[in-house]
S.K.: 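Quick one: structure below, then a few questions.
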Amino acid sequence: MKESTPDENVHRYYPTKGKVILHLDMNAFYCSVHAAEEPDTYQHKATAVAGSIEQRKGIIVTCSYEARRYGIRTGMRVREAQKICPSLIIIKPDFHLYRKYSRAFLHIAGSYTPLVEAVSIDECYLDITGSKSFGTPMHIAEELQTRIREELGIPCSIGVAPNKLLAKMASDMKKPNGITVLRIRDVADKLWHRPCQELFGIGRKTAEKLRRLGIHTIGELARTDVQRLENHFGVFGIGMKQAANGIDHGEVRAEREASKSIGHTTTLPQDVESDGDIRRVLLNLADQVARRMRKQHMMAQTVQLTLRTPDMKTFTRSLTMDTPTDDAQHLVEASWKLFERHWRGRGPLRLLGITGQNLVPKEEAVVQLDLFAYEQQPKRDKLNETVDSLRNKYGENAVVMLGMLGDDPSALIRNHRVRGTSLQTDFLREFENRDGEDWK
């Protein structure tokens with residue numbers, strides 16, 4: 001890398017107040033990694049990574065830009081994709097290799113600023129406000145892109161903006177290998193004509209609700225009376241209006257090590273023994289564990305059940321599931337199997353706990369799902385997203401799962417509000433501004 005010398009002229013490219021944020025997005029990351037590893041086999045060819053290379057069950061996880069020109073897309077069955085493009089090369093995923101490249105591009109990013117926030121295996125934010133010694137923001141972006149291409153052999157797009165929201169929007173504007181600058185003053189010209197769903201953080205259902213209100217474009221959303229949005233969407237309506245105007249106060253946070261497990265335990269006010277009371281406790285615990293996993297975009301392959309007797313003896317048993325999950329119902333079903341197999345009928349309990357183990361990022365877990373699970377996952381995700389949004393808005397007890405509450409004599413469980421005790425400090429990983437998670 002060519003060394004930069006401090007230049008007084010560089011300072012005028014940085015704001016006296018405010019920040020300069022970059023968003024790096026690796027293009028078709030999994031396919032690009034395989035092309036970098038085996039260029040003779042995969043470079044400039046129509047390729048796709050699939051969870052299963054067996055045609056009847058295989059689902060396209062991602063595909064190269066050459067494949068996209070044929071109309072191939074994520075979520076398509078391998079059989080359908082190969083009908084469209086008989087020459088399509090199907091590649092089995094290799095997450096050890098993807099992590100290696102992910103660490104490598106994060107290392108390159110970290111040579112320009114310590115403020116690097118990895119948000120997934122193939123993207124990150126950089127706060128380069130204090131990186132003037134490396135040159136102008138555009139010079140840093142160009143150098144980053146060049147180094148990643150030359151040192152790793154993979155393409156990336158970069159957004160340059162005064163905040164995370166606009167940097168993310170900018171990196172999506174030119175793919176592959178694009179660099180886009182998006183300032184607050186550019187928002188009206190470059191974003192307002194676009195449909196609301198293209199605003200980062202707005203999902204399909206929220207966009208549909210906005211359309212029913214007569215709000216079709218980002219510009220219309222930006223000009224909508226904030227009280228009207230708040231009446232229909234609560235505090236998230238305020239956030240949507242701010243985002244439509246290019247406003248985002250989220251900070252770039254240096255990467256923290258992801259949790260290796262996420263769990264909840266609860267010590268009950270008195271011993272429990274009946275199936276109904278125990279299942280009710282497990283439902284509450286599974287619900288909290290699943291919610292925290294979703295906040296971290298993680299899924300668990302293994303469930304551990306913790307039991308403690310009135311005389312303080314503690315037992316743990318675990319079960320590895322066929323497919324990873326972030327769904328409370330799946331967690332409680334696995335926990336109940338463990339309870340039935342290892343404890344049922346052996347006496348009262350004072351403490352119970354559920355822990356999700358062998359966590360994997362959600363974007364990695366998707367390739368492990370069988371065809372049925374893959375097709376059902378979006379429905380579960382949408383339901384969980386709705387429940388999470390309601391709880392964020394109205395509190396944790398706004399929505400409860402069927403079976404959490406029951407009739408006497410289990411009132412002690414209901415009144416105790418079995419929400420458990422956190423075993424991790426994953427709340428430290430949450431953004432001050434949730435980057436749109438709650439706007440959907």
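Atom set for the values below is all heavy atoms of this structure, side chains included, hydrogens, waters and symmetry mates excluded. Residue indices begin at 1 and follow the sequence shown.
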S.K.: Any donor-acceptor pair under 3.5 Å linking the side chain of Asn163 with the backbone of Gly246?
M.R.: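 Yes; judged by distance alone, with no hydrogens or angles, the pair exists.
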
S.K.: Which residues pass the side chain to side chain contact (heavy atoms under 4.5 Å, CB included) test with Ala48, sequence neighbours left out?
M.R.: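 For Ala48 the side chain to side chain contact (heavy atoms under 4.5 Å, CB included) partners, ignoring immediate neighbours, are Ile60, Cys63, Leu88, Ile90.
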
S.K.: Contact between Thr266 and Leu351 at the side-chain level, heavy atoms closer than 4.5 Å - yes or no?
M.R.: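 The answer is no, as the side chains (C-beta and beyond) never meet within the 4.5 Å cut-off.
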
S.K.: Under the salt bridge (Lys or Arg N to Asp or Glu O under 4.0 Å) rule, what pairs show up with a residue in residues 59-68, not counting sequence neighbours?
M.R.: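 Passing the test, one end in residues 59-68: no pairs.
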
S.K.: If a pair satisfies salt bridge (Lys or Arg N to Asp or Glu O under 4.0 Å) and one of its residues is in residues 102-113, list it, with sequence neighbours excluded.
M.R.: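 Matches after skipping sequence neighbours: none remain.
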
S.K.: Which residues satisfy the side chain to side chain contact (heavy atoms under 4.5 Å, CB included) test with Lys83, sequence neighbours excluded?
M.R.: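 Per chain and number, Lys83 pairs via side chain to side chain contact (heavy atoms under 4.5 Å, CB included) with Arg79.
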
S.K.: Name all residues meeting the ring pair (Phe, Tyr, Trp, His ring centres under 6.0 Å) criterion together with Trp192; count only those two or more places apart in sequence or in a different chain, and write none if there are none.
M.R.: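 Trp192 satisfies ring pair (Phe, Tyr, Trp, His ring centres under 6.0 Å) with no other residue.
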
S.K.: Could you tell me the separation between the CD1 atom of Ile59 and the CE atom of Met76, rounded to the nearest 0.5 Å?
M.R.: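 The CD1 atom of Ile59 sits 10.0 Å away from the CE atom of Met76.
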
S.K.: Who are the side chain to side chain donor-acceptor pair (under 3.5 Å) partners of Ser318, not counting sequence neighbours?
M.R.: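 Here no residue qualifies.
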
S.K.: Give a yes-or-no answer on whether the side chains of Thr306 and Thr316 include a donor-acceptor pair shorter than 3.5 Å.
M.R.: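 Thr316 and Thr306 do not have a side-chain donor-acceptor pair below 3.5 Å.
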
S.K.: Output all residues satisfying side chain to side chain donor-acceptor pair (under 3.5 Å) with Ser32, sequence neighbours left out; order by chain, then residue number.
M.R.: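 Once residues adjacent in sequence are excluded, Ser32 has no partner under the side chain to side chain donor-acceptor pair (under 3.5 Å) criterion.
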
S.K.: With sequence neighbours left out, what residues match Tyr98 under ring pair (Phe, Tyr, Trp, His ring centres under 6.0 Å)?
M.R.: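 For Tyr98 the ring pair (Phe, Tyr, Trp, His ring centres under 6.0 Å) partners, ignoring immediate neighbours, are Tyr30, His34, Phe95.
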
S.K.: Do Thr320 and Thr302 pass the side chain to side chain donor-acceptor pair (under 3.5 Å) test, and can you show the C-alpha distance, the side-chain angles, and the key distance before you say yes or no?
M.R.: CA-CA 4 Å; Thr320 297; Thr302 300; 3.0 Å; yes

S.K.: Indicate yes or no: at least one non-hydrogen side-chain atom of Leu285 is less than 4.5 angstrom from one of Gln288.
M.R.: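 No, every pair of side-chain atoms sits at 4.5 Å or beyond.
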
S.K.: Pairs in or reaching into residues 166-179: which pass salt bridge (Lys or Arg N to Asp or Glu O under 4.0 Å), with residues at least two apart or in two chains?
M.R.: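 Sorted pair list: Asp25-Lys175, Glu123-Lys168, Asp172-Lys175.
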
S.K.: Can you list the residues that meet the side chain to side chain donor-acceptor pair (under 3.5 Å) rule with Gln304, with sequence neighbours excluded?
M.R.: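 For Gln304, the residues satisfying side chain to side chain donor-acceptor pair (under 3.5 Å) (neighbours in sequence not counted) are Gln357.
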
S.K.: Between Arg317 and Arg341, is there a side-chain heavy-atom distance shorter than 4.5 Å?
M.R.: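 The answer is no, as the side chains (C-beta and beyond) never meet within the 4.5 Å cut-off.
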
S.K.: May I have the step-by-step check of salt bridge (Lys or Arg N to Asp or Glu O under 4.0 Å) for Asp127 and Lys19, ending in yes or no?
M.R.: CA-CA 7 Å; Asp127 184 336; Lys19 298 181 181 297; 3.7 Å; yes

S.K.: Would you please name every residue forming a side chain to side chain donor-acceptor pair (under 3.5 Å) with Arg344, sequence neighbours left out?
M.R.: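 Only Asp275, Glu340 meet the side chain to side chain donor-acceptor pair (under 3.5 Å) criterion with Arg344.
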
S.K.: Can any side-chain N or O of Asn245 pair as donor or acceptor with the backbone N or O of Lys241 at less than 3.5 Å?
M.R.: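 It does hold such a pair.
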
S.K.: List in chain and number order the residues that pass salt bridge (charged side-chain N to carboxylate O under 4.0 Å, His left out) with Arg308, two or more places apart in sequence or in another chain; answer none if no residue qualifies.
M.R.: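 Expected list: none.
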
S.K.: Could you check Lys337 against Glu333 for salt bridge (Lys or Arg N to Asp or Glu O under 4.0 Å), going step by step and ending with a plain yes or no?
M.R.: CA-CA 6 Å; Lys337 283 182 183 178; Glu333 287 171 3; over 6 Å; no

S.K.: Working to the nearest 0.5 angstrom, can you tell me the gap between Cys124 SG and His23 NE2?
M.R.: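 Result: 7.5 Å between the selected atoms.
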
S.K.: Could you tell me whether the side chains of Glu37 and Tyr101 share a donor-acceptor contact shorter than 3.5 Å?
M.R.: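 Their side chains do contain a donor-acceptor pair, which is all the 3.5 Å distance test asks for.
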
S.K.: How many angstroms lie between CG in Asp287 and CG in Leu282, if you round to the nearest 0.5 Å?
M.R.: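 With rounding to 0.5 Å, CG (Asp287) is 12.5 Å from CG (Leu282).
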
S.K.: Taking Ile21's backbone N and O only, do any of them form a donor-acceptor pair with Lys164's side chain (distance below 3.5 Å, no angle check)?
M.R.: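 Here the side-chain-to-backbone pair does not exist.
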
